[in-house]
Amino acid sequence: MAINQINKDTVRDVCITARDTRNVRAVSFNFHTPYPDTKDLALSKEEKARCCEVITQMMKQGAPVFNLRSAFPYLINNSFPTPCYQCVVIENGKISTCGRCIDVPGLCEKCGYFFVAEYTLLFQGKPRIIQDMLKTYLKYI
């Protein structure tokens, strides 16, 4: 789920639905990345923090969330290294580095892709991220 201005108040509901739906193993969240013509959908730092608080509460209540709680502060503050050269996206036959953000000047600094933060922090060797990733991935994969 890409969390944006339209659906930011449904995060709890999505977690509950994932938890209560038999064939759903987990839900994964991202923040809206403001590509051209979609800037009005982006969340403020405060809104991101509130969403992460809800996700954290839901994780504690057993919601199956396939994100790393230890990466949330980096996501809220956009303080993770970008671009993430380990992340490759294939869309319409085109291979792009790092979720296409790299193709739009200044967009990396507003990246909302949770996996980008998680992977770049993992490859930096952050112990807490490594521990959180092992625990989360072993649980859901």
Side-chain angles (χ1 to χ4, degrees), residues 1-21 23-141:
M1 175 180 174
I3 307 169
N4 59 41
Q5 289 295 335
I6 297 168
N7 64 17
K8 66 185 176 192
D9 296 323
T10 65
V11 170
R12 183 178 313 280
D13 296 331
V14 170
C15 288
I16 291 169
T17 299
R19 182 193 66 206
D20 296 345
T21 303
N23 292 324
V24 173
R25 295 206 22 103
V27 62
S28 178
F29 292 99
N30 292 297
F31 290 132
H32 176 76
T33 299
Y35 289 94
D37 301 323
T38 67
K39 292 177 184 169
D40 58 325
L41 294 174
L43 302 177
S44 68
K45 182 178 175 179
E46 293 76 21
E47 290 168 322
K48 289 179 181 182
R50 282 193 295 275
C51 288
C52 285
E53 288 172 16
V54 171
I55 296 168
T56 298
Q57 289 170 357
M58 294 309 300
M59 290 168 102
K60 289 178 181 177
Q61 294 176 21
V65 176
F66 195 66
N67 293 111
L68 308 182
R69 188 169 43 197
S70 55
F72 289 177
Y74 298 94
L75 286 153
I76 292 166
N77 296 302
N78 280 92
S79 61
F80 53 93
T82 56
C84 176
Y85 294 103
Q86 297 86 6
C87 300
V88 176
V89 174
I90 301 174
E91 183 178 59
N92 297 325
K94 181 183 177 195
I95 299 175
S96 301
T97 300
C98 202
R100 302 181 320 269
C101 292
I102 199 168
D103 295 334
V104 180
L107 194 57
C108 277
E109 292 80 22
K110 298 172 186 164
C111 179
Y113 289 107
F114 280 41
F115 74 89
V116 171
E118 294 166 354
Y119 287 177
T120 56
L121 296 166
L122 173 73
F123 285 107
Q124 278 191 330
K126 302 277 187 195
R128 193 157 174 232
I129 300 290
I130 295 168
Q131 179 184 19
D132 202 6
M133 183 170 273
L134 286 171
K135 179 180 152 191
T136 302
Y137 278 43
L138 290 173
K139 185 174 183 178
Y140 294 114
I141 294 184

Sequence neighbours left out, what passes salt bridge (charged side-chain N to carboxylate O under 4.0 Å, His left out) with K8? Give chain and number order. E47
Do the non-hydrogen side-chain atoms of L41 and P34 ever get within less than 4.5 Å of each other? no
Less than 4.5 Å apart, side chain to side chain, heavy atoms only: is that true for K110 and T33? no
State the NZ-OG distance between K135 and S70, to the nearest 0.5 angstrom. 9.5 Å
Identify, with sequence neighbours excluded, every residue that meets side chain to side chain donor-acceptor pair (under 3.5 Å) alongside E109. none
For a 4.5 angstrom cut-off between non-hydrogen side-chain atoms, does V54 reach I3? no
Give the C-alpha distance, both sets of side-chain angles, the deciding distance and a yes or no for side-chain contact (heavy atoms from CB on, under 4.5 Å) between I16 and R19. CA-CA 5 Å; I16 291 169; R19 182 193 66 206; 3.7 Å; yes
Please step through side-chain contact (heavy atoms from CB on, under 4.5 Å) for the pair L43 and H32, ending with a clear verdict. CA-CA 7 Å; L43 302 177; H32 176 76; 5.8 Å; no
Check C111 against N78 and note the closest heavy-atom contact, atom names and distance. O-ND2, 2.7 Å
If you compare all heavy atoms of A63 against all heavy atoms of Y140, which two are closest, and at what distance to 0.1 Å? O-OH, 3.9 Å
Can a donor-acceptor pair be found, under 3.5 Å and without considering hydrogens, that links the side chain of N4 to the backbone of N7? yes
More than 12 foreign heavy atoms under 6.0 Å from CD of Q131: is that the case here? no
Under 6.0 Å from the CG atom of D37, do we count more than 12 heavy atoms belonging to anything else shown? no
Can you measure from CD (Q57) to NZ (K60) and round to the nearest 0.5 angstrom? 8.0 Å
Grab the two heavy atoms, one from D40 and one from Q5, that are nearest each other, plus how far apart they are. O-CG, 3.3 Å
Shortest non-hydrogen contact from T136 to V65? CG2-O, 4.1 Å
Say you draw a straight line from OG of S96 to CD1 of I102; how long is it, rounded to the nearest 0.5 Å? 9.5 Å
Set out, in order, the CA-CA distance, both residues' side-chain angles and the distance that settles side-chain contact (heavy atoms from CB on, under 4.5 Å) for C87 and Y113, then state yes or no. CA-CA 10 Å; C87 300; Y113 289 107; over 6 Å; no
With K94, which residues qualify under side chain to side chain donor-acceptor pair (under 3.5 Å), at least two apart? D103
Contact summary for I95 and V88, nearest pair of heavy atoms: CG2-CG1, 3.3 Å
Intermediate values then yes/no, side-chain contact (heavy atoms from CB on, under 4.5 Å), L68 and F114: CA-CA 8 Å; L68 308 182; F114 280 41; over 6 Å; no
When rounded to the nearest 0.5 angstrom, what distance separates OG1 in T56 from CE in M59? 6.5 Å
Applying side-chain contact (heavy atoms from CB on, under 4.5 Å) to A49 and not counting sequence neighbours gives I76
OG1 (T17) and CZ (R12) are apart, to the nearest 0.5 Å, by 12.5 Å
Looking at every non-hydrogen atom in both residues, tell me the closest pair between C84 and C98 and how far apart they are. N-SG, 3.0 Å
What donor-acceptor contacts under 3.5 angstrom involve side-chain atoms of residues 119-130, with partners at least two apart or in another chain?
| unit_1 | atom_1 | unit_2 | atom_2 | d |
| --- | --- | --- | --- | --- |
| Y119 | OH | Y137 | OH | 3.3 |
| T120 | OG1 | V116 | O | 2.9 |
| T120 | OG1 | A117 | O | 3.1 |

Listing request: all salt bridge (charged side-chain N to carboxylate O under 4.0 Å, His left out) pairs with a residue in residues 62-82, at least two apart in sequence or in separate chains. none
